[in-house]
Amino acid sequence: MADKTDNEYRQVRISKLDRLREAGQNPYPERFERSHMLADARLLDDDVQGVTVAGRIMTARIMGKLSFITLQDVSGRCQISIRQDDVGPETYKIVKKLVDIGDFIGIAGEMYTTKTGEKTVRAKGFSFLGKTLRPLPEKWQGVQDQEVLYRQRYLDVIMNPESMDRFKLRSNLIRIMRRYLEDQAFMEVETPVLAPKASGAAAKPFTSHHNALDMEVFLRIAPETYLKRCIVGGFDRVFEFARCFRNEGMDPSHLQDFTMLEYYCAYWNYEDNMNFTQKLIQHVLTELFGSLEVEIGGEKIDFSGEWPRVSFRELILKDCDIDIEAFRDADSLRAEISSKGITLEDVEKMGRGNLIDQLYKKVSRPQMTGPVFLTKHPVDLSPLARRNDDEESVSDRFQLVIRGWEVVNAYSELVDPLDQRARLESQAALKASGDDDAMDMDEDYLLAMEHGMPPISGWGMGIDRFCALITNQSNLRDVVLFPLMRPND
RNA sequence: GGGGGCAUAGCUCAGUCGGUAGAGCAACUCCCUUUUAAGGAGUGGGUCGAAGGUUCAAGUCCUUCUGCCCUCACCA
């Protein structure tokens with residue numbers, strides 16, 4: 001790792017700092033006025049005067065009295081040239097002797113096209129804008145070491161334009177979603193990250209201790225119950241980009257620290273919400289890609305038209321010929337699964353809902369490619385979802401599955417406070433009997449519910465997952481700028 | 001947690017059967033007014049991830065450890 005402070009490069013560059021100051025150049029000046037981003041400068045006609053650009057030096061071709069330098073900024077790259085005859089021998093000597101690849105410089109000058117056809121800014125004035133003490137990675141191969149790419153992400157995005165583009169896309173994605181929701185009268189709110197209870201999902205929380213209050217606090221595992229309190233309070237449509245934390249295993253599709261977008265809409269049911277989801281995602285993809293066909297993992301996925309809606313029951317019946325409605329308790333279902341020759345891990349401990357979920361993950365989910373709305377989950381997998389009025393064993397719930405990834409989870413919310421109390425009591429009983437993932441009793445949330453809720457449909461999307469999916473990344477860390485790494489010093 | 005893989009100069013990588021540590025880029029000293037992976041001449045740069053072991057001799061073989069990647073399990 002680059003933690004040595006005594007290497008040749010650093011010593012040489014520190015000595016250049018002093019020489020820059022002696023030559024009258026501040027190595028770290030306070031500002032610079034740009035007229036154009038580099039990508040925009042390249043579009044200018046020849047002979048345009050008064051162009052001022054700045055950026056990081058990526059490559060340099062230094063000659064005796066004329067140099068070509070490629071600068072990079074967030075917009076892209078542009079070549080500049082510096083001629084001794086234009087800037088004078090003192091300044092040209094600085095360029096030759098004291099400027100390194102990786103440094104920031106700014107120039108003022110005019111546009112021209114070189115005889116090899118490259119748009120170039122010819123420097124009439126030169127400003128030193130920032131000294132680097134470390135060399136950039138190799139200009140052609142860049143950084144290959146996955147560990148360095150994660151630990152020193154700045155090097156990744158400096159050297160790899162596709163990586164920079166991916167993070168730009170993530171930013172665009174979030175902006176487009178935020179605007180779309182705002183345009184549909186949703187209001188962005190912020191709810192607690194640090195709370196006395198980890199509620200709203202089944203997951204192991206991170207814990208901490210609040211000194212002044214002398215109490216245990218939890219990092220949120222979901223914003224759900226607070227956003228629903230907002231609905232109780234009269235905000236009809238709310239959303240939050242909620243950083244959530246779950247103290248569970250890490251692998252390419254799970255991070256302990258991730259971003260969920262959740263929204264809640266009063267007076268909608270889950271079917272309204274499916275309609276809206278389809279419009280939202282079609283809008284986002286059109287804005288991002290100008291197309292509803294996205295290539296993911298080597299196959300083109302078509303997001304246009306109406307997406308199929310299939311219930312758990314229909315799906316499982318189709319994929320393994322088991323009608324889950326015919327098996328109303330865990331034991332009979334377990335027997336049926338094993339009689340079909342399907343093996344699932346740890347079936348003995350599972351309730352009926354979990355059995356169905358595991359069965360689905362085994363026989364159905366891996367082969368689901370295009371966008372599919374999976375609906376009507378077993379009610380005991382959905383402690384916060386509304387029970388279906390016609391079938392009491394299922395919930396008014398859907399997930400959006402794309403290429404085997406559950407990207408969206410949404411339902412008609414349970415707004416009956418007595419039903420909610422009963423379901424949380426059974427969750428708490430599961431937890432007391434050793435199920436760490438079951439939910440806690442949440443009296444504070446029940447108190448809010450008892451003050452009355454309208455019909456609500458809520459919705460959550462794993463932003464990291466969606467982003468990884470549409471940027472064709474298989475590891476969520478590739479869409480997170482600074483993933484958590486074990487320190488290695 | 002199980003299994004597999006990787007770790008050599010600032011970066012990208014070679015390193016044969018165990019026998020003096022290599023290249024390109026980058027850096028340093030020069031030359032160079034149209035380059036664009038600029039070119040030419042020269043120079044310096046290594047705790048081979050760490051610690052043990054085997055051996056006359058270890059970057060190389062063995063053990064342990066650390067970090068990272070993949071995979072299985074777990075986990076909405």
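For the pair K119(A) NZ and U35(B) C1', the interatomic distance rounds to 17 Å; values are reported in whole Å. We find that CG of D145(A) is positioned 14 Å from P of G10(B), with the value rounded to whole Å. E147(A) has its CD atom 10 Å from the C1' atom of U66(B), to the nearest Å. The nearest whole Å value for the distance from the CG atom in L136(A) to the C1' atom in G10(B) is 10 Å. U12(B) atom C1' lies 5 Å from atom CD of Q141(A), rounded to whole Å. Atom NZ in K65(A) sits about 14 Å away from atom C1' in C30(B), given to the nearest Å. Atom CZ in R134(A) sits about 10 Å away from atom P in C11(B), given to the nearest Å. Following rounding to the nearest Å, L359(A) (CG) and A76(B) (P) show an atom-to-atom distance of 17 Å.
Separation of the P atoms belonging to C62(B) and C17(B) is 14 Å when rounded to the nearest angstrom. Straight-line distance between the C1' atoms of A9(B) and G52(B): roughly 26 Å, to the nearest whole Å. With both ends at atom C1', the span from A14(B) to G3(B) equals 30 Å, rounded to whole Å. The gap from the C1' atom of U33(B) to that of A21(B) amounts to 41 Å, rounded to the nearest Å. Across the C1' atoms, G18(B) and C56(B) are found 12 Å apart, a figure rounded to whole Å. For the C1' atoms, the distance from G45(B) to G24(B) is 15 Å, rounded to whole Å. Comparing C11(B) with G53(B), their P atoms are spaced 30 Å from each other, to the whole Å. Across the P atoms, U71(B) and A58(B) are found 38 Å apart, a figure rounded to whole Å.
Cation-pi geometry between R229(A) and Y226(A) is met: the NZ or CZ atom falls under 6.0 Å from the ring centre, inside 45° of the normal.
Across all strands shown, U66(B) is found opposite A7(B) as a Watson-Crick or G-U wobble partner, with both distances under 3.5 Å. Under the Watson-Crick or G-U wobble criterion, with both distances below 3.5 Å, A23(B) is paired with U12(B). Pairing for A38(B) is absent, with no Watson-Crick or G-U wobble pair whose two atom distances lie under 3.5 Å. Base pairing annotation: U33(B) forms no Watson-Crick or G-U wobble pair, as no partner gives both donor-acceptor distances under 3.5 Å.
The stretch residues 68-93 of chain A comes close to RNA chain B through F68(A), Q79(A), R83(A), D85(A), each having a heavy atom under 4.0 Å from the strand. Of the residues in residues 394-405 of chain A, those placing a heavy atom less than 4.0 Å from an atom of RNA chain B are R397(A), in numerical order.
Sorted by first then second residue, the salt bridge (charged side-chain N to carboxylate O under 4.0 Å, His left out) pairs that include residues 471-488 of chain A, not counting sequence neighbours, number zero. For residues 63-80 of chain A, the side chain to side chain donor-acceptor pair (under 3.5 Å) pairs, not counting sequence neighbours, are T59(A)-T70(A), R61(A)-T70(A), R61(A)-Q79(A), S67(A)-Y92(A), Q72(A)-R77(A), D73(A)-S75(A), Q79(A)-T120(A). Sorted by first and then second residue, the salt bridge (charged side-chain N to carboxylate O under 4.0 Å, His left out) pairs involving residues 351-376 of chain A (not counting sequence neighbours) are E325(A)-R352(A), D357(A)-K361(A), R365(A)-E406(A), K376(A)-E391(A).
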Using nucleotides 70-73 of chain B, report all nitrogen or oxygen pairs with the protein that are shorter than 3.5 Å.
unit_1	atom_1	unit_2	atom_2	d
C70(B)	OP1	N475(A)	ND2	2.8

Between N or O atoms, less than 3.5 Å apart, protein on one side and nucleotides 42-45 of chain B on the other: list the pairs.
unit_1	atom_1	unit_2	atom_2	d
G44(B)	N2	E8(A)	OE1	2.7
G44(B)	N2	E8(A)	OE2	3.0

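Atoms CD1 and CZ, from I69(A) and R56(A) in turn, are 14.0 Å apart once rounded to the nearest 0.5 Å. If you take CG on L155(A) and CG on L136(A), they are separated by 7.5 Å, rounding to the nearest 0.5 Å. For the atom pair CG of N7(A) and CG of L133(A), the computed distance is 10.0 Å after rounding to the nearest 0.5 Å. The CD atom of E271(A) sits 7.5 Å away from atom CG of D396(A), with the distance rounded to the nearest 0.5 Å.
Where T120(A) and R13(A) meet RNA chain B, the nucleotide closest to each residue was compared, and R13(A) sits on the side nearer the 5' end.
With distances taken from any side-chain atom of R151(A) to the nucleotides A27(B), C68(B), A38(B), the minimum falls on C68(B).
Across all strands, K97(A) comes closer than 4.0 Å only to sugar-phosphate atoms, never to a base (heavy-atom distances). The residue I62(A) sits close to a base: some heavy atom pair falls under 4.0 Å. No engagement by M159(A) is indicated, since no non-hydrogen atom pair under 4.0 Å with the nucleic acid exists. In this structure, E406(A) reaches neither bases nor backbone, as no heavy-atom distance under 4.0 Å exists between it and the strands shown. Using a 4.0 Å heavy-atom distance criterion, G462(A) is classed as making no nucleic acid contact.
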Can I get a per-line list of side-chain donor-acceptor pairs under 3.5 Å for residues 97-111 of chain A, giving both atom names and the distance, sequence neighbours left out?
unit_1	atom_1	unit_2	atom_2	d
D100(A)	OD1	K16(A)	NZ	2.7
D100(A)	OD2	K16(A)	NZ	3.0
D100(A)	OD2	K131(A)	NZ	2.7
D103(A)	OD1	T132(A)	N	2.9
D103(A)	OD2	D100(A)	N	2.8
D103(A)	OD2	K131(A)	NZ	2.6
E110(A)	OE1	Q49(A)	NE2	3.1
E110(A)	OE2	R122(A)	NH1	2.5

Salt bridge (Lys or Arg N to Asp or Glu O under 4.0 Å) evaluation trace for R166(A) with E162(A): CA-CA 6 Å; R166(A) 198 182 322 126; E162(A) 67 283 4; 5.9 Å; no
Chi angles and distances behind the salt bridge (Lys or Arg N to Asp or Glu O under 4.0 Å) call for D257(A), R246(A): CA-CA 7 Å; D257(A) 169 354; R246(A) 297 185 183 178; over 6 Å; no
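Centroid-to-centroid, the aromatic rings of F373(A) and F398(A) come within less than 6.0 Å.
With sequence neighbours excluded, the residues forming a side chain to side chain donor-acceptor pair (under 3.5 Å) with K124(A) are D86(A), listed by chain and number. Contacts of Y445(A) classified as ring pair (Phe, Tyr, Trp, His ring centres under 6.0 Å), with partners at least two apart in sequence or in another chain: none. When the ring pair (Phe, Tyr, Trp, His ring centres under 6.0 Å) test is applied to F276(A), the partners found at least two apart in sequence or on another chain are Y180(A), F186(A), Y263(A), W268(A). Listed by chain and number, the residues in a side-chain contact (heavy atoms from CB on, under 4.5 Å) with A198(A) are P205(A), F218(A), I221(A) (sequence neighbours excluded).
Contact check, K139(A) against G10(B): no side-chain N or O comes under 4.0 Å of OP1 or OP2. The side chain of R61(A) contributes an N or O atom lying less than 4.0 Å from OP1 or OP2 of A38(B).
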